[in-house]
Every structure is written in C-alpha cells, then in structure tokens.
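Reviewing the structure listed below.
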Protein chains: 2
Amino acid sequence: MSNSKPTESELEILQILWEHGPVPVRFVHEILATQKAVGYTTTLKLMQIMAEKGLVNRDTTNRTHIYVAAISEEQTQQQLLDKFVAGTFRGSAMKLVMQALGNNTASKEELDQIKALIQKIENEG
Amino acid sequence: MSNSKPTESELEILQILWEHGPVPVRFVHEILATQKAVGYTTTLKLMQIMAEKGLVNRDTTNRTHIYVAAISEEQTQQQLLDKFVAGTFRGSAMKLVMQALGNNTASKEELDQIKALIQKIENEG
DNA sequence: TTGGATATACGAAATTCTTCGTATACATTT
DNA sequence: AAATGTATACGAAGAATTTCGTATATCCAA
C-alpha cells in the first residue's frame, strides 16, 4: 500500500496500466503518444521514477521490463475524489454529484444503477 | 471568460474569494493562514499573479487593493470536474457519481434532490 | 560478425509552481 | 515630525515536475 500521491503525468500512466494489465514501457508510451507529444525516454523516466516511489512494480527478468500498477484503481480514485471534492466543491460531494449528473449524458441503464444505489442507501440508513 | 486553469494554490484563494465577495489581500491571507503555514507576501504574490492571468480582478483605487474572483465558481467547477473525470475515472462520470454516492453520507434531503434530478433527466430524454 | 533497431540508466536542462526577502511608499500614532 | 505599522512591487531562490540527450548494453537480421 503506497502513500505517494501520483502526479498528473503519473496518473496518465497509471490509467494505462490499470486498463491493460502488465505491459512494457513501449506499450504505455505508444498509447501516451496518441494523447500528447512526448518522447520515449520521457515516458521511460517517468515509469522508472514511479517504480522508485512504489507506484508501480516491474519485472526486470528480461531485457524488456514489464510494468504493472502497484496501487489499486479504486483506492486511488477514492483518494483523489476526496481531495477533489474538498478542493473544488468545498467538501460537498452532493454538489459534485448533482453537477456531474446534470452535465453529462447518462444512459437509462446508468440512471437505473444510480437509482438502485440510492434505494440501497435509503434502506440501510 | 478566462481560459487559465487555476493551480492548486490559486484554487484555494478562489474558494475564499467566491465565499466572501470582494476583499483585501490581508483578509484572504488570514483565512489561508488558518489552513496552512504561509507568509503574507506569498499570498500577495499569488494574488498578483492571478490578477495578471485574469483569474481575479482588483480595484487599485485605494492603497489597499480589493480583489474579486474573475471566473465563476460554477464554470470553474465544471471545467475541473470534466478534467477530473477524464483524468481519474477514464471519462466515466457515472462511475464517479457511484463512488461519491457510495462513500459519503448523504442526507435524506440530498438523496431526494438527486432522485428528483434523475426524474427530470428521464423525462427530458 | 557487423550494423541497425531497441532496451535501460543516468544526469541534467527546462518548466512550472511556490515561497519569501527586501525595497519602498503611505498611514497612523505619539 | 519621527517612529511604527501596514501596503504593494519586484526579483529571485527553492521545490516539484517534466522533458530529453547521451551513453551503453542487448537483440536480431543480413
């Protein structure tokens, strides 16, 4: 369980690692490169730093190192969410929910899911 | 309409400006100082930079300058929210809503509000 | 086995953000 | 009027983050 909070660039890399299991640097870099102009060694360096920080683990058995996220997506998201709510919505999670709901097209299925969750919360409370 | 995205420190100041209308630097600083150790000239400098960037406006008629936020709270929150959803939840606003709902104690009133909003969305769609 | 492609390591420049010291001017009090 | 308090301006140090050049090793194909 790492305590380091990922920077913005590190988070971009974590996203890729979360989505596509253990992969080499080159793989991460190629996805990253479609999102923004960045050199290969930059990506490499970032991932090396992340390894030092304990944000990722890597298998260095072979010449091509294989990287995998060392922190869970859910836990990281929750941490960042808490911080974001505090920083941007002055601690009001509900205000955030309202804004997110109001400004994004949610499918019927998603709305149903949310309704179900609310139902569940109401029953528990 | 400013395009600058506020940094974290700038956001802290914007929050104070949003909450307490037009105020002098000293006022902002005193609130800030209750949240973290920071020198007065640091706060001043930040607010001067924000003025340059167009994030705040100031009235320099008198010796004590009076600052006010130049960008709206709602618009800024929406911008940051979009970015946050993209960056942390891979673009899934619903995933964020679910997580925010699941991990924060929402009052009955708040849940009712959300249900009403969902109702409204469903009717419009 | 030699040349080209591709890998990691490493150092350091470049950029952005944060912090604060110091200079200077105006206001207030004594 | 002098001393003291409080303002802004400004420059630049410090810290964190991002970027990439270069060195070097390994793999693979001709």
Would you kindly give the NE2-to-C1' distance between A:His65 and D:dC27, to the nearest whole Å? 15 Å

N/O (side chain, A:Thr42) to phosphate O (OP1/OP2, D:dC20) under 4.0 Å: yes

For A:Met47 and D:dT18, what is the distance between atoms CE and C1' respectively, to the nearest whole Å? 16 Å

side-chain N/O A:Arg58 vs C:dA7 OP1/OP2, d < 4.0 Å: no

Please determine which of B:Val56, B:Val25, B:Ile13 meets the side chain to side chain contact (heavy atoms under 4.5 Å, CB included) test together with B:Leu46. B:Ile13

For A:Leu44 and D:dG21, give me the distance from atom CG to atom P, rounded to whole Å. 14 Å

Answer yes or no: is there a donor N or O on one side and an acceptor on the other, between the side chain of B:Gln77 and the main chain of A:Thr88, under 3.5 Å? yes

Rounded interatomic separation in angstrom, taking CG from B:Leu32 and P from C:dT18: 11 Å

Between B:Lys36 and B:Glu8, is the salt bridge (Lys or Arg N to Asp or Glu O under 4.0 Å) condition met? List the steps. CA-CA 13 Å; B:Lys36 65 173 181 180; B:Glu8 206 167 301; over 6 Å; no

Counting side-chain heavy atoms from C-beta on, which of C:dA7, C:dC20, D:dT19 comes nearest to A:Thr64? C:dA7

The single option from A:Leu55, A:Val28, A:Ile71 that satisfies side chain to side chain contact (heavy atoms under 4.5 Å, CB included) with A:Leu17 is A:Val28

Pairwise 5' ranking along DNA chain D for A:Ile49 and B:Tyr40, keeping only the more 5' one: B:Tyr40

Identify, between A:Lys45 and A:Arg63, the residue whose nearest nucleotide on DNA chain C lies closer to the 5' end. A:Arg63

How do B:Thr60 and A:Thr7 order along DNA chain D: which one's closest nucleotide is nearer the 5' end? B:Thr60

Nearest whole angstrom, please: distance from the C1' of C:dT16 to the CG of B:Leu46. 13 Å

Return the value, rounded to whole Å, for the distance between atom CZ of A:Arg26 and atom P of C:dT8. 8 Å

Under 4.0 Å between a side-chain N/O of B:Gln48 and OP1 or OP2 of D:dA9, yes or no? yes

Residue pair A:Pro6 / A:Thr76, side-chain heavy-atom distance below 4.5 Å: yes

Determine the contact category for B:Ser9: base if any of its heavy atoms lies under 4.0 Å from a base atom, sugar-phosphate if only primed atoms, P, OP1 or OP2 are that close, otherwise nothing. sugar-phosphate

What integer distance in Å separates A:Asp59:CG from C:dT8:C1'? 14 Å

Spacing of A:Phe27 atom CZ relative to C:dT6 atom P, expressed in whole Å: 17 Å

